Amino acid sequence: MKKLLSLAAAALALSAASVMPSATADADDAGFLMSCSFESGEDGWSGRGGASIETSNNTCFDGNSALYCSNRSDSWNGAAIELGNGFNAGETYSFSANVRYDSGKDTSLYHFTMQYNNGSETNYTKIASATIIKGKWAQLANPKFTIPAGASDISVYIETAKGTGDFFVDDVKIAAEGTAIDGAKGGKYIPGDLCEDGVVDTFDLICARKLIVSPDKEAEASVNADVYNSSEYAVNDLVLLDGFISGKISEFPDNAPKAEVTPFEYEANKQFKEAPSNYFNSCEQQGKVTKESYNGIRGNKSLYVYTPYNYDPEKKYNIFYLMHGGGENENTLFFQDDTMIQNMLDHMIMNGELEPLIVVTPTFNGTGSEAGNFYEEFRKSVVPFVEGKYSTYAESTSPEDLEASRMHRAYGGFSMGSVSTWAVMQNDLDIVGYLMPLSGDHWQGEGAYGKARSLADAVDRFGYTNRQLFVFAATGSDDIAYPNVNPQIDEMKKMSQFKFTSDFSDGNFYFMVAPGKTHWWGYVRHYVYDALPYFFHETGE
Ligand code: FER
């Protein structure tokens, strides 16, 4: 299904380049260039980030003990070892590690990752990844992985795509290119693969038939048997598996429980209302603003991530990307007297006006990127980076999972940021369900009609109805952008793709005009206060 083997594109910041003992490449008796069994100690491994490691006899893949990794405070925290002399950049080796975890969700995506310096900066690349079944050993292996040319300061480590749960590692081995290294069989989440041999075929159907008549099928069935994703193994799973193997269906229907829709009382004609002035003072329940750097399609850039008070990486959060205006940057929303929107978010969340969510302030500045084409960097770099690291409704950062989570993702911006918002609407509707263009018009299409037309055409091209995207636009009546935005809105009102009301249980498009307000964040932040609570209540169905 969708979650399979997808990689979280995560260029992760590593804080502690601690002094680690290193493994050198001398072929041992069995021909391995490195072999760590954790039978007589930690074999040179160390905790990555703040994680702890120790050997443990509680479970192991082979022998009597394994390495146990705990106290992780971020998904990139894990167990690491430095590769010393003899592992050469540009050369290809066979890598294998066995991993297991015993608590938390039924399945979890694990990565066997390499960190290295490319001459100017630290880089990360995945050696192998797999979605693992809780309580089973699984092998992360790649028989032909090439250490990037020019790499130095190389280490390898085990991490998760999300979450901070404990895990075990055992029998980590490196051998010559192409070597098939023995490891755990099965243990990977592959719907339909009851035999856990990595493929879905008639053998699985035999297992499925046996299982359905077993008196103990609940206990025996692994998550791979539950192809209908209904949390139990039943006849419909067998029927679907039969259909899949005989070629009648090409994928299993996703019956995963849908997130509950929060009841929300919309006003149909929302009027501008300022946030209480104390909302811009610091709050007793403060979220956190974290500076992040990523290496995307427009080079190395920074953004900020606001995580709400008591952020829990095991929970899922709605996410709102909020873009600055022309001449501004990623600092604008959190560090100026006329913004400080983290304080406003803290108060709104504390007072129950807004569900806890993640707010990201990226930038369209830098290396050739302009507001109007940011949508490209947004989908290719920013969303995969942020949502590979923070816990949103995206199960992974694959295009399928980003689309599946689009009703939990919003994008907005002010002025040139609004220009970027309309462009995101035109180009990224498959990954964004809510849009908040503030004080800026669309810069595609001839005249007001052409602008509106290009947006309506995009809705059609993506194949969405007017129940599947929601636009809350706003500006001030005295804003310099008002004469640009208002005619575009009037044209959009005539088009069937947009139904005008701020009651999103009925329509999908609204334009709030704040009396007398001009082109300034000091006003515009209040539009965010008014509009953001209207987001994330619809299912998009
Ligand atoms: C508008 C969209 C963007 C607008 C102004 C801008 C005046 C941005 C201007 C700038 O950053 O200089 O509709 O109306």
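Just so you know, these numbers use all the heavy atoms, side chains as well, and skip hydrogens, waters and symmetry mates. Computed from a predicted model, the values in this text were never measured in an experiment. Start at 1 and go down the list; that is how both ligands and their atoms are numbered.
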message = Angle between ring planes, Y510 versus F500, binned at 30° and 60°: parallel, tilted or perpendicular?
response = tilted
task = Would you mind listing which atoms of ligand 1 come within a distance below 4.0 Å of any non-hydrogen atom of G440?
result = 1 (C), 2 (C), 13 (O)
query = Would you call the rings of Y434 and F470 parallel, tilted or perpendicular if under 30° counts as parallel and over 60° as perpendicular?
reply = parallel
ask   = Should the ring pair Y157 and Y124 be called parallel, tilted or perpendicular, given that the plane angle runs from 0 to 90° and is split at 30 and 60?
value = perpendicular
ask   = Hey, which atoms in ligand 1 end up nearer than 4.0 Å to a heavy atom of G326?
value = 11 (O)
request  = Output the list of atoms in ligand 1 that are nearer than 4.0 Å to some heavy atom of I480, sorted by atom number.
outcome  = 7 (C), 14 (O)
ask   = Is at least one protein non-hydrogen atom found at under 4.0 angstrom from atom 12 (O) of ligand 1?
value = no
note = Heavy-atom closest pair (S439 atom, G476 atom, distance to 0.1 Å) is OG-N, 4.4 Å
task = Anything under 30° is parallel, anything over 60° is perpendicular, the rest tilted; go ahead and classify F145 against F95.
result = perpendicular
ask   = Looking at atom 10 (C) of ligand 1, what's its closest protein heavy atom, distance included?
value = M416 CG, 4.0 Å
query = How are the rings of W520 and Y523 set relative to one another: parallel (under 30°), tilted (30 to 60°) or perpendicular (over 60°)?
reply = perpendicular
task = Verify whether one side chain among N365 and E330 offers a donor that lies under 3.5 Å from an acceptor in the other.
result = no
Within-shell test, D441 vs ligand 1, heavy atom, strictly < 4.0 Å = yes
inquiry  = Does only the side chain of V419 get under 4.0 Å from ligand 1, or the backbone, or both, or neither? Count heavy atoms.
reply    = side chain
key: Heavy-atom gap S415 to ligand 1 smaller than 4.0 Å   = yes
task = Measure N484 to ligand 1 on non-hydrogen atoms and call it side chain, backbone, both or neither using the 4.0 Å cut-off.
result = side chain
